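Computed from a predicted structure; not experimentally measured. Quick note: residue numbers are just sequence positions, from 1. Just so you know, these numbers use all the heavy atoms, side chains as well, and skip hydrogens, waters and symmetry mates.
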Amino acid sequence: PTVKWAKSRYDYCKDNLTPYLKKVGFNPAKDVKFMPCSGLTGAGLMDPVGSDADWYTEEPFIPYIDNLPSLKRNSDGPFMMPIVDKFSDMGTVVIGKVESGECEKGQTLALYPNKQEVKVDQLWSDDIEVTKVTCGENVKVKVKGVEEGEVTPGFVLCDPTNPIKSCKVFDAQVAILDYKSIICPGKEFVLHLQAIIEEVTLKALICLVDKKTGEKSKTRPRFIKQDQIAIVRFVAEDVICMETFKDYPQLGRFTLRDEGKTIAIGKVLKLVE
């Protein structure tokens, strides 16, 4: 009732969000769709808004999502599930989303980076008990062989024969979104990767990347600033479980925060140590 489905309000939201979405790497023409809908009344979610917004004639939100092409999941890869939470219930239960592979009841897995072997006792997918889970599912796994206190969010449950990689030094491409000053080697950040929250130090600036052409600069920059893309090297305080973005996008994507603000997004290019 406050904006009365006015097209001017829709255009205002669209015009204000588009520059930001462009900045973080979306192509507004191909990757982004704006829809008028109301979470409060449900209008525009399942059925069209109707005469209140007759200027918008395209399909509503849920039918649009249903018709999107399905994601390519890495079901054939080795099992990997980053742990986002854990609790104790007649044993240790870990919660997370399967990002690669499949897992069955009774299977032996490993907890990384501690390399501790565990056995799958029970599985739940969306709170329904099952005997097998696959890539893309949100699951709970009861495991034998580890105490609840030994598990930390950010650990990864994986296949012991083909485990997730872990390192302290890695190269990444970062896009600086919002930082008023310049960033030089030695600067510390809080890295958020899956459920991992770790302090990392910017060790070296390797090169700048041209936003339009993707070309890399021949000389090393002395600093980087807002709206620039650079390839840099980080050193973490502790060992972090991660994969390169090329191999496993979900396990190689991160954000950098400083003083409570997200200042950069990045992707892991290479694990150095």
Taking C-beta and beyond as the side chain, do [X] and [Y] meet within less than 4.5 Å on heavy atoms?
| X | Y | value |
| --- | --- | --- |
| Q194 | V156 | no |
| K142 | K140 | no |
| N67 | E59 | yes |
| P60 | M35 | no |
| N114 | E150 | no |
| F155 | P113 | yes |
| I83 | L111 | yes |
| L177 | I265 | yes |

Quick check: does any side chain N or O of [X] sit under 3.5 Å from a backbone N or O of [Y], one acting as donor and the other as acceptor?
| X | Y | value |
| --- | --- | --- |
| W55 | W5 | yes |
| T201 | K203 | no |
| K86 | V151 | yes |
| Q226 | Y179 | yes |
| S100 | M80 | no |
| E243 | K165 | yes |
| S166 | C241 | no |

Pick out which of V272, V200, V239 makes a side-chain contact (heavy atoms from CB on, under 4.5 Å) with K168.
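Testing each of V272, V200, V239 against K168, the sole residue satisfying side-chain contact (heavy atoms from CB on, under 4.5 Å) is V239.
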
[atom1]/[X]: more than 12 non-hydrogen atoms of other groups inside 6.0 Å:
| X | atom1 | result |
| --- | --- | --- |
| K211 | NZ | yes |
| E215 | CD | no |
| Y12 | OH | no |
| Y20 | OH | no |

One pair to check against side chain to side chain contact (heavy atoms under 4.5 Å, CB included): C103 and V141. What are the steps and the verdict?
CA-CA 10 Å; C103 156; V141 187; 5.5 Å; no

Give a yes or no on whether [X] and [Y] share a hydrophobic cluster (residues Ile, Leu, Val, Met, Phe, Trp, Tyr; joining criterion: side-chain heavy atoms under 4.5 Å apart).
| X | Y | result |
| --- | --- | --- |
| I206 | F170 | no |
| V232 | I229 | no |
| L68 | I62 | yes |
| L191 | V235 | no |

Whether D31 and K33 form a salt bridge (side-chain N of Lys/Arg under 4.0 Å from carboxylate O of Asp/Glu) is what I want to check.
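Answer for the salt bridge query: no.
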
Could you check whether the rings of F189 and F234 sit parallel, tilted or perpendicular, using 30° and 60° as the cut-offs?
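Because their plane-to-plane angle is over 60°, the rings of F189 and F234 count as perpendicular.
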
Distance, nearest 0.5 Å, that separates [atom1] of [X] from [atom2] of [Y]:
| X | Y | atom1 | atom2 | result |
| --- | --- | --- | --- | --- |
| I231 | K216 | CD1 | NZ | 4.0 Å |
| Q107 | D159 | CD | CG | 7.0 Å |
| L45 | I65 | CG | CD1 | 9.5 Å |
| K187 | L202 | NZ | CG | 10.0 Å |
| Q228 | L208 | CD | CG | 5.0 Å |
| K14 | L21 | NZ | CG | 11.5 Å |

Check the pair T18 / F34 against side chain to side chain contact (heavy atoms under 4.5 Å, CB included), numbers first and verdict last.
CA-CA 10 Å; T18 300; F34 290 89; 3.8 Å; yes

Carefully, step by step, assess N138 and D126 under the rule side chain to side chain contact (heavy atoms under 4.5 Å, CB included).
CA-CA 6 Å; N138 292 300; D126 291 326; 4.0 Å; yes

Regarding K225 and the six-membered ring of F223, is the cationic atom NZ or CZ under 6.0 Å from the ring centre and inside 45° of its axis?
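Negative - K225 is either too far from the ring of F223 or too far off its axis.
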
Side chain to side chain contact (heavy atoms under 4.5 Å, CB included) between L123 and V139, worked out:
CA-CA 7 Å; L123 288 167; V139 301; 5.6 Å; no

Once side-chain hydrogen bond (donor to acceptor under 3.5 Å, both in side chains) is applied, do any residues pair with S125, and if so which ones, sequence neighbours excluded?
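With sequence neighbours excluded, S125 shows a side-chain hydrogen bond (donor to acceptor under 3.5 Å, both in side chains) to E137, given in chain and number order.
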
